[in-house]
Amino acid sequence: MEYLIILIGAVFVNNIVLSQFLGICPFLGVSNKVSTSVGMSGAVLFVMTIATTVTYLLHQYVLVPMGLDYLRTITFILVIAALVQMVEIMLKKVSPPLYQALGVFLPLITTNCAVLGVAILALGLEDGNLLKAVFFAISSSAGFALALIVFASIREFLELADIPEGMKGVPINLLVAGLLSLAFLGFAGLV
Amino acid sequence: MSDQPIIVSASPHVHSDRTSKKLMYDVVIALVPAFLVSLYVFGFNALIVTTAAVISCLLFEYLIQKYLMKTEVTIGDGSALITGILLAFNLPAGIPVWMVVVGSLVAIGVAKLSFGGIGYNIFNPALVGRVFLLVSFPVQMTLWPTAVENNTSIVDAVTGATTLGLIKEGVQFGETISSLSASIPSAQEMFLGITSGSLGEMSALALILGGVFLIARKVISWHIPVTVLASIAVMTGVFWWIDPEHYANPLIHVLSGGAILGAFYMATDLVTSPVTKKGMVIFALGIGVITVVIRLFGSYPEGISFAILIMNAFVPLINSYFKPRRFGSRIKAKIM
Amino acid sequence: MLRTFPKGGIHPPENKLTSSKPIKRLPPPNVVYVPISQHIGIPAEIVVDRKDKVEVGQVIAKSGGFVSSNIHAPVAGTVTKLDMIIDTRGYKQQCIVIRTDQKNESNFQDADLPLIAEISLEPEEILRRISDFGIVGLGGATFPSHVKLNIKKDRKLDCLIINGVECEPYLTADHRLMLEKGEEIMVGIRILMHALHVERAIIGIENNKRDAIENFKKLAAGDPGIQIAALKVKYPQGGEKQLVRALLKREVPKNGLPLDVGVVVHNVGTIFAIYQAVQHNRPLMERVVTVTGKKLGDPSNFWVKIGTPISELIEAVGGIPEDTRKIVSGGPMMGKALKSMDVPVTKGTSGILVISEDEASRGTPKNCIRCGECVDVCPMGLEPHLLMNLSEKGMYEKAAQEDIMTCIECGSCSYVCPSHRPLLDYIRFGKTIAKQLESNKG
Amino acid sequence: MAETLDQKQNFLKGIIKENPVFVMLLGMCPTLGVTSSAFNGLGMGVATLFVLLMSNIVVSLIKSQVPSKVRIPAFIVIIASFVTVVEMVLEAYIPFLYEQLGIFIPLIVVNCLILGRAEAFASKNNLTSSVVDALGMGMGFVIALTALGATREILGNGSIFEFRFVSEDANTFILFILPPGAFIALAYLAIAFNRLTRKLA
Amino acid sequence: MKKKESTLINMVVVLFVTTLVAGLTLGYVNDLTLEPKARARLAKKANALKTVLPAFDNDPVPAVIRVKSGSSRDSIEIYPAFRGNGFAGAAVTGASEKGYSGLVKLMVGFLPDGTINNIEVLEQKETPGLGTKMKGEKFLRQFRGKDPSSFNLKVEKDGGGVDALAGATISTRAFSEATQQAYDIFITHRDSINEQDN
Amino acid sequence: MTDSILYSVILLALLGTVAALVLYVVSKKFYVYEDPLIATVEEMLPGANCAGCGSPGCRSFAEKLVGSDDISDLFCPVGGNQVMNLVAGALGKVVKEQDPTVAVIRCQGSCEVRPKTTEYQGPRSCAISALIYSGETDCQFGCLGDGDCVEVCKFDAMYMDETTGLPVVITDKCTSCGMCVEACPRNIIEMRPKHKRDLKIFVGCLNEEKGGIAKKACSVACIGCSKCFDICPKDAITMNNNLAYIDPEFCTLCRKCVDVCPTDSIIETNFPPRKNRNTDPGITIKVEPVKPQNDA
Ligand SMILES: Cc1cc2nc3c(=O)[nH]c(=O)nc-3n(C[C@H](O)[C@H](O)[C@H](O)COP(=O)(O)O)c2cc1C
Ligand SMILES: Cc1cc2nc3c(=O)[nH]c(=O)nc-3n(C[C@H](O)[C@H](O)[C@H](O)COP(=O)(O)O)c2cc1C
Ligand SMILES: Cc1cc2nc3c(=O)[nH]c(=O)nc-3n(C[C@H](O)[C@H](O)[C@H](O)COP(=O)(O)O)c2cc1C
Ligand SMILES: Cc1cc2nc3c(=O)[nH]c(=O)nc-3n(C[C@H](O)[C@H](O)[C@H](O)CO)c2cc1C
Ligand code: SF4
Ligand code: SF4
Ligand code: SF4
Ligand code: SF4
Ligand code: FES
């Protein structure tokens, strides 16, 4: 039940993109095609899960015992940055097509607030433990994926629409995101 | 031979006499019975809110298209008219007129014209307008004048809760359905429309009448309304069967709130629903399920507006996964 | 239950004004203009010269390659010019101009030859005659019949389908032919069955032509190999893929031919032409043309010599009405709007339709309201609104992935669209580009 | 002379032509996340400006020493240090802003704007240019955030910089303080911004 | 720009040095701000106490009494206040989890007779513009000078005397519940506090 | 107190070192070579991705440039010689200088000189209308006037002239990318050398019809009378299918042909006005530098 609440909370109610405002940049940037957004979601899922695991352990077993929780930000981001770069280099070799598709965006994951944000939020879970933190990370990335993929499919559709000149590009994307977020308000109070 | 030059065009050279304008006006006609019921129930208020919504929707469409977008003005096509009527139908009767105007601006300006006008919007304009108001002005949007028979004055609008609101509050406070049953209107009352709620969601009978007209005229197909209502009934039915003291029976759920209005007139909006029948069923199923989830577990007593908006967002995805079967795509041709 | 194809289709007003009008013979015109490209494929090569005298039925242009066809003089007379004449699209095309020799009797000789029912020829000879006498499909595509019938030994073939559907509104040429030449058509069918070694033939006729159905039922009584099937009145029932599906429940694969499911489809007119070629050595020089239109004085069906200018046909039905705004060669769903009445009748001309002001206007296109009507009526299971948008926005590769190439250009989508979108215009264009892209790749 | 003119251009581009929020869409999360009031927007803007300025300075000073493979980690460490400094200082001296900005303070680290400028500009340009660039971009960011915060506060709360101009129970558009309002307000502000700058140009 | 080649040595050295410097700086700044941070945290509490309590002259913070209450996770804090030698009242924290977005935490100042002196919201996550209005003067005013023994701390809708925030009944309920909790604690512990000093 | 500083230093330095080590190992293990020149060259190219060079985009053109030994056949029309020299410098290869060219419209069939004989109903696109028929006029070679060329121009270098119904090229903006040439279904547009002061002489007609028919369809049609062919001192003019063509390679811009053309089919641009001949101003196309605002 607890896990169900985390899942529903992270995916629908407090969707990291639509209501927490984390990971907006890739949300707006990598969402012009459904196929790339699926790839990006995969990458985020992967990085977010590993990053949260590592940072949670780091926090629990190193920072807190040593009284260094003020180093949280810097250590977390260092871990994430190194991790992303590692993934990037590996991907280039292991799966060039995926790299082609995500190439430019992988570095974006480093500067993706969602990864760091979730790592930090995971520390604050009620009765937290490692498993819960990791599950939270997975749920959050599922929420990210949901928002991203739906958004990408809408953008693909809008490519065929006659958007007024002034609205094209940034404004219309923001507007769609806003209305999406408005619709998701309906889930308020579920958890 | 006519004096004008002869026309050359590609085939086909004939066209059916159905036009989008006719479709739209059919919807307007279908909404008339429900409007009459709301006039009967809410009197002058219903007239004011509806007129305000319709006029401001048309006006905003005209002004924005003419002066901001500088494109062809399409207020004649009937879609803004429908948006106005349906927006009004989703508002409580006593709402201040300026809020109606704001809702119309959001519906037409933000949800429709920002996307390029009719046909390009992702979200149902009237519902965007309605939800915008609901979230912005929760107080006025949940102030329900109760039905007073032949009430034609604005002043003595008594506020009462909607059926769903009563149930939600009551259950939250540990009451049981049976203890609440005294204050819940009977199914018959709901069917005929003597209860409280938004303008247009009064009488299930009037709404269904219009809906059947639309289906008969082939403006909408039965798939969406039937699936939405069936999935609401089945899902609430299951909960009711498990615990009838905490969950209201499916009849109440189907007849109350905007379920019927939404299922027949708003979920079916051609622009914001899938194009294939398969897609429509999935779409409608989603609406039904989300509606019930919000009604039973969310903080809003009524969820169909949100459910429709949420599923609107999924329409492009549904359209790209539920395509019609291509002729000749069977892998192996069979020869005897 | 009448048979039909499962998905899509429309039922436009039938307007078969001429279905009870017997086919009249249009006297040969003074001058005929015979284009050398009246069929799909390579144009024929001219084998006559200026001032040559030609006889009726003489080869004046020889098949120019494998997918090509002979062209015969439809009248006796003198070749006055090898000139250019505009085709249905308004572009210039090579043609042979023959001035009719008024004295030559064969020009006016009665073509209603006595029925020869007996089939005496070998399959090879039959096919040779079909090829020599310039038979092409008269159902619309004018595909050379000898190519279609030249079936490799390893292909399985079990059924011949005769397309007597005539699902286009207004047109009645096939209908009248089936009524008036039923016996000849039956013989033609037997000839083809013999030539192709198939035991089974089905004549598909839409149920609005009860008399033709009855006629064939009578004629085919006692011949178990030939069935007559009444079909639901639904456009495009006559499209061969739809017809095969309706009659045999077999689905022609995406980019395949009826042959891939063991079927050959021929139009009734083609069958009659084959009968005449095989039994009477008569080349394809004339055909039935329905000249129709609501405002015409006397809409009729005619036997018309190939090469007759369309203006003469219209003259024959009482001249062009006052408010004419569009002249269509073919039916209203698939025909081509003509730029000029100088265009001659060719082997593929099944009808001339004269449309007035109010019928001619296409209405102004509005935004697509995604009503899905077009999706519902597309018999090929396509999404026309999507294909149009993709094509409009230049996304041809995506359109190709969405199977734009399988569109049969039936026009059902444009017909129903309540927003009057020129769907087929864009789809046709998208197909052209997609085809180019495809061939660039290959 | 040419040099100073150039720097003016350099400064202005951050505010207008390459405005990080309206044009480049950088740093969207804090932009949307904390701008429920003008003051929060301003505070976040200034905090970001500080980090941006400091990290641009340091990066442009040490750029030649950093091997490319560890460029990003190194830059991030630098940025993160300044962010942590900001975090600690805010907590100590402006606790209420610290509470308001919440998780978005540590998230300054991942503001694409900062890393982006460090990567794209400071690591390629000299100290002066980098400082000017940081100031320009930072000001662009501050202006955008304050404008957005003000818009949302006015519409959503009927006040600006906590100064109320309508009564406490007046009906304001609560939606604009909620998440959807952030997106919607920014969408229309971006249009307004584009129109304005086009007119200026 | 000339790209610097990446070798094992320089990679390690650069990162090592950067992090070293970062570590030093941060450790140092932390040391510097440690005290102000603590002070800021205390100041918040002290300020809250000042707002909710009547005039007092002791330092209530160190005098805090923590009691466990069955219904809440954190322990409840009671800050007694004295003026001269007399018991001037006490500030009691109260919390409710039933807010629209969970926890609502208050500090309620009581006069010795149990009358509410003032209330300050310590923590809440309610919806801006709706639930957050509980911090507004207009809402708080109705509690001042009320004695919960006679003033029913329930929303009017539920038969109490609290005028709910428009559109935010849920928040109001939570607020009332938290106040009630503080009051209950205050009443049970009032005498022991009084004794403690006397 | 100092413990905390010490710990933080140790921890961070440790993390930093570990990160560096891991990255080092990973980058060695998963090494992929990419020619850094590609990025360099790509940065030099204009980035218009117009495909005027024949490659699908600037990046792939850069790959091609780096990949081929002889780049003298490769040319970026947008960047012109300047960019090509830059690229050549970076690659140490030679480029061929190319004369700058500019698009010209080879049809003068305005509504006035070429009456409409039919009315087209359908999408306003040259490519689509060309697919179904030969156009609204009787000339089956001329401009269809639906502006596909204008549509594809990425540089706003073309607009439709409302009165003539013909496209106009704004010479200064034309980068000679060739998109319009490709887009025109009638092959009306040609790239011709820009010359000094943008002087050009060319036949503004493509009608291959015999004189009478051509003339009937359009009063400024080339009727194939060969007068220009006869007078040209440089043999720059060829006659083919009743149509004259001026080969820019031989044409010296002497303007003799312009005078003899009985139908004013030959267009000259930017020459100073001459005294001895009163040209009809409605016929010579003037290159207008401004684009009207109201084209949608
Ligand atoms: C390019 C092309 C090639 C064809 N090749 C064959 C063939 O090899 N064998 C055959 O039986 N029919 C062939 N056909 C004829 C088709 O089966 C069909 O009869 C013709 O396309 C007309 O069909 P429609 O009027 O439905 O378009 C071909 C048609 C086309 C257009
Ligand atoms: C939409 C559509 C409708 C057609 N309708 C008919 C029809 O009514 N009658 C007919 O004989 N052929 C019709 N055809 C042509 C057939 O598909 C097929 O080409 C023809 O029957 C083959 O016979 P043929 O080779 O003798 O012409 C239609 C084709 C299409 C694409
Ligand atoms: C996005 C959103 C935020 C809300 N925030 C609050 C809130 O902070 N406090 C609250 O009591 N109700 C909030 N509500 C409203 C509740 O759902 C519920 O409708 C209301 O509290 C009861 O209405 P009433 O106060 O008019 O009786 C919110 C609703 C939505 C959709
Ligand atoms: C069956 C039908 C239902 C419609 N429902 C709505 C609706 O719920 N809300 C609305 O704004 N417009 C509705 N319209 C009008 C129109 O389709 C709508 O404004 C478009 O979304 C505008 O692009 C409806 C139209 C039809 C034909
Ligand atoms: S898409 Fe093609 S096959 Fe389908 S209805 Fe339209 S024209 Fe017919
Ligand atoms: S029929 Fe017309 S309006 Fe309907 S979906 Fe198709 S294109 Fe759109
Ligand atoms: S005749 Fe020549 S100039 Fe006239 S329209 Fe045709 S191509 Fe153009
Ligand atoms: S020049 Fe070609 S592309 Fe341009 S308008 Fe004329 S026909 Fe169309
Ligand atoms: S700019 Fe001249 S060809 Fe496009």
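Chain naming here is simple, since letters A, B, ... match the order of the sequence lines and numbering starts at 1 in each.
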### Leading residue by heavy atom contact count with chain B [cutoff under 4.5 Å; candidates C/K336, C/K366, C/K7, C/R362]
C/R362
#### Entry: Residues C/D260, C/K254: salt bridge by 4.0 Å N-O rule
no
### Task
Would you mind checking which part of C/P169 comes under 4.5 Å of any heavy atom in chain B, side chain (CB onward), backbone (N, CA, C, O), both or neither?
neither
### Task
Could you check which of B/L270, B/N121, B/D269 has the highest count of heavy-atom pairs closer than 4.5 Å to chain C?
B/L270
### Task
State plainly whether the residues C/E322 and C/K295 are in salt-bridge range, i.e. N to O under 4.0 Å.
no
### Task
Identify which part of B/T276 has an atom lying under 4.5 Å from any heavy atom of chain C, answering side chain, backbone, both or neither.
side chain
### Task
Could you tell me which of B/S273, B/P274, B/P324 has the largest number of non-hydrogen atom pairs under 4.5 Å with chain C?
B/P324
### Message
Does B/K277, at its NZ atom, have more than 12 non-hydrogen atoms belonging to other residues, nucleotides or ligands within less than 6.0 Å?
### Response
yes
### For chain B, the option from C/G363, C/P332, C/S340, C/G372 that forms the most heavy-atom pairs under 4.5 Å
C/P332
### Query
Below 4.0 angstrom, N of the basic side chain to O of the carboxylate: do B/R18 and C/E373 qualify?
yes
### Query
Where on B/I7 is there a heavy atom nearer than 4.5 Å to chain C: the side chain, the backbone, both, or neither?
both
### Query
Considering the options C/T4, C/I161, C/V263, which one meets the side-chain contact (heavy atoms from CB on, under 4.5 Å) requirement together with C/L243?
C/I161
### Task
Classify the ring geometry between B/Y67 and B/Y62 as parallel (under 30°), tilted (30 to 60°) or perpendicular (over 60°).
perpendicular
### C/S419 and C/N367, any side-chain heavy atoms less than 4.5 Å apart
no
### Message
Given heavy-atom pairs under 4.5 angstrom as the criterion, report whether the side chain, backbone, both or neither of C/I369 touches chain B.
### Response
both
### Query
Relative to chain B, which segment of C/L353 carries a heavy atom at a distance below 4.5 Å: side chain, backbone, both, or neither?
neither
### Query
With distance as the sole criterion, is a donor-acceptor pair present between the side chains of B/D17 and B/T19 under 3.5 Å?
no
### Task
Report, by ascending residue number, the residues of residues 207-225 of chain B in heavy-atom contact with chain C at a distance under 4.5 Å; give 'none' if the set is empty.
B/K218
### Query
Using a cut-off of under 4.5 Å for heavy-atom pairs, which of C/P12, C/P422, C/C374, C/C417 has the most such pairs with chain B?
C/C417
### Query
Is it the backbone or the side chain of C/D376 that comes under 4.5 Å from a heavy atom of chain B, or both, or neither?
side chain
### Query
Can you find a side-chain donor-acceptor pair between C/S356 and C/K326 that sits under 3.5 Å?
no
### Contact class of C/C368 relative to chain B, heavy atoms under 4.5 angstrom
backbone
#### Entry: Which of B/V14, B/L23, B/N319 touches chain C most, by non-hydrogen pairs under 4.5 Å
B/V14
### Query
How many angstroms lie between CG in C/L424 and CG in C/L387, if you round to the nearest 0.5 Å?
10.5 Å
### Message
Check C/E383 with B/R326, please: is the shortest side-chain N to carboxylate O separation under 4.0 Å?
### Response
yes
### Query
So with a 6.0 Å cut-off around NZ of C/K234, is the heavy-atom count from everything else above 12?
yes
